Amino acid sequence: MPVSPVSGGSRPAPRPAPAGERRASPVLKEGAEGAAVAELQRLLRARGHAPGPVDGIFGPKTRSALEAFQRGNGLLTDGICGAQSWGVLRGGALPAPEPGPAARVSGDLPRSGNAFIDRVAPGAVEGARRHGIPASVSIAQAILESGWGRSSLAQNANNLFGMKGTGPAGSHSVRTREYVNGRYVWVTAAFKKFRSQAEAIAEHAKTLGTSPYYERARAVARDPRAFARALTGVYATAPDYGQVLIRLMD
């Protein structure tokens with residue numbers, strides 16, 4: 001929760017961090033204070049956003065500016081500055097995922113050079129063949145929902161797509177942000193647990209290909225952008241969900 005202002009005066013300016021500490025990438029959210037927050041505020045200003053004064057205090061204005069930056073760069077819009085947001089703020093591009101065992105891509109499917117994309121692409125292409133779900137949308141959803149495979153759900157439940165409920169291996173409860181009545185709120189929800197990420201990819205394609213919830217999206221499946229837009233408010237509550245997927249697809 002945000003820290004209450006100190007009564008009777010202003011807060012002291014944050015102590016500058018030693019040079020060796022300035023490139024650290026701590027996870028920052030509303031209520032955080034210190035030199036890393038000041039760096040975040042400076043970087044947001046440099047990219048045309050308005051985080052408020054560069055005072056090292058992560059308040060509502062800084063959160064709002066960070067969310068605007070995340071939306072504009074195809075990142076998960078959660079108002080939390082983690083490794084991906086730091087990477088884009090500092091370097092201007094999405095950080096490459098950590099090295100991992102990339103699945104063999106069979107047939108004529110080319111490799112992208114990105115280990116995470118190459119790992120999920122075969123299942124996404126198979127989902128397109130079986131259920132008509134655009135592979136580019138499936139890959140973008142995997143990137144967005146799992147944070148390039150680094151999310152708690154991906155690592156502890158093999159759930160790359162934020163699918164709720166009980167899966168073949170049970171369920172895994174986590175706190176998540178939902179867009180309700182015009183604002184984001186934190187809730188705790190049960191998400192499906194899978195025996196493998198390949199199993200999650202297959203279940204995702206089958207769900208989008210057969211559930212009546214996605215009938216409107218399937219009607220425009222020949223247009224991946226239209227399909228992505230049709231998932232807004234259905235697959236996820238975020239009002240910009242489809243546009244974020246399209247930016248990732250691009």
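In this chain, numbering begins with 1 at the start of the sequence shown. Predicted, not measured: the structure shown is a model, and the values here were computed from it.
Contact of the Asn158 side chain with the Glu199 side chain is not registered, since no non-hydrogen atoms from C-beta on lie closer than 4.5 Å. Counting only heavy atoms from C-beta outward, the side chains of Val137 and Leu231 approach each other to under 4.5 Å. Inter-residue side-chain proximity for Pro51 and Arg45 is flagged as met; some heavy-atom pair is nearer than 4.5 Å. Arg150 places none of its side-chain heavy atoms less than 4.5 Å from the side chain of Phe116. Contact check for Gln41 versus Asp55: side-chain heavy atoms found under the 4.5 Å cut-off. Side-chain atoms of Phe194 and His172, non-hydrogen and from C-beta on, never get closer than 4.5 Å to each other. Contact annotation: the side chain of Thr207 never approaches that of Phe161 to less than 4.5 Å [non-hydrogen atoms, C-beta and beyond].
Here Glu126 contributes atom CD and Ile201 contributes atom CD1; the two are 11.0 Å apart, rounded to the nearest 0.5 Å. The distance from atom CG of Leu144 to atom CD1 of Ile139, rounded to the nearest 0.5 Å, is 13.5 Å. Taking SG of Cys81 as the start and CG of Leu43 as the end, the distance is 8.5 Å to the nearest 0.5 Å. Rounding to the nearest 0.5 Å places NZ of Lys164 at 11.5 Å from CG of Asn159. For the atom pair CZ (Arg90) and CG (Leu40), the distance works out to 9.5 Å, reported to the nearest 0.5 Å. To the nearest 0.5 Å, atoms CD (Glu30) and CD1 (Ile80) are separated by 10.5 Å.
Taking the charged nitrogens against the carboxylate oxygens, Lys206 and Glu203 have no contact shorter than 4.0 Å, which rules out a salt bridge.
Under the 4.5 Å side-chain heavy-atom criterion for Ile, Leu, Val, Met, Phe, Trp and Tyr, Val234 and Leu208 are members of the same hydrophobic cluster. The same ILVMFWY cluster, assembled from side-chain heavy atoms under 4.5 Å apart, contains both Ile117 and Met249. The cluster map of Ile, Leu, Val, Met, Phe, Trp and Tyr, joined by side-chain heavy atoms under 4.5 Å apart, puts Tyr213 and Val220 in different clusters.
Counting only residues at least two apart or on different chains, the side chain to side chain donor-acceptor pair (under 3.5 Å) pairs with a member in residues 215-228 are Arg225-Asp250.
The minimum heavy-atom distance linking Val120 with Leu160 is given by the pair CG1-CD1, 3.8 Å. Taking all atoms of both residues into account, the shortest heavy-atom contact from Ala154 to Gly149 is CB-O, 3.7 Å. Scanning all heavy atoms of the two residues, the minimum distance from Tyr235 to Tyr214 falls at CD1-OH, 3.4 Å. Contact detail for Ala221 and Gly132: the closest heavy-atom pair is CB-O, 3.5 Å. Across Asn156 and Lys193, no two heavy atoms sit closer than the pair O-CE, 3.4 Å. Looking at every heavy atom in both residues, Ile133 comes nearest to Ser138 through CG2-OG, 3.6 Å.
Looking only at distances, no side-chain donor or acceptor of Ser151 sits under 3.5 Å from a matching main-chain atom of Gly147.
For Arg42, the side-chain hydrogen bond (donor to acceptor under 3.5 Å, both in side chains) test picks out no residue, with sequence neighbours left out.
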Side chain to side chain contact (heavy atoms under 4.5 Å, CB included), that's the test. Do Leu245 and Phe227 meet it? Break it down for me.
CA-CA 10 Å; Leu245 290 179; Phe227 189 96; over 6 Å; no
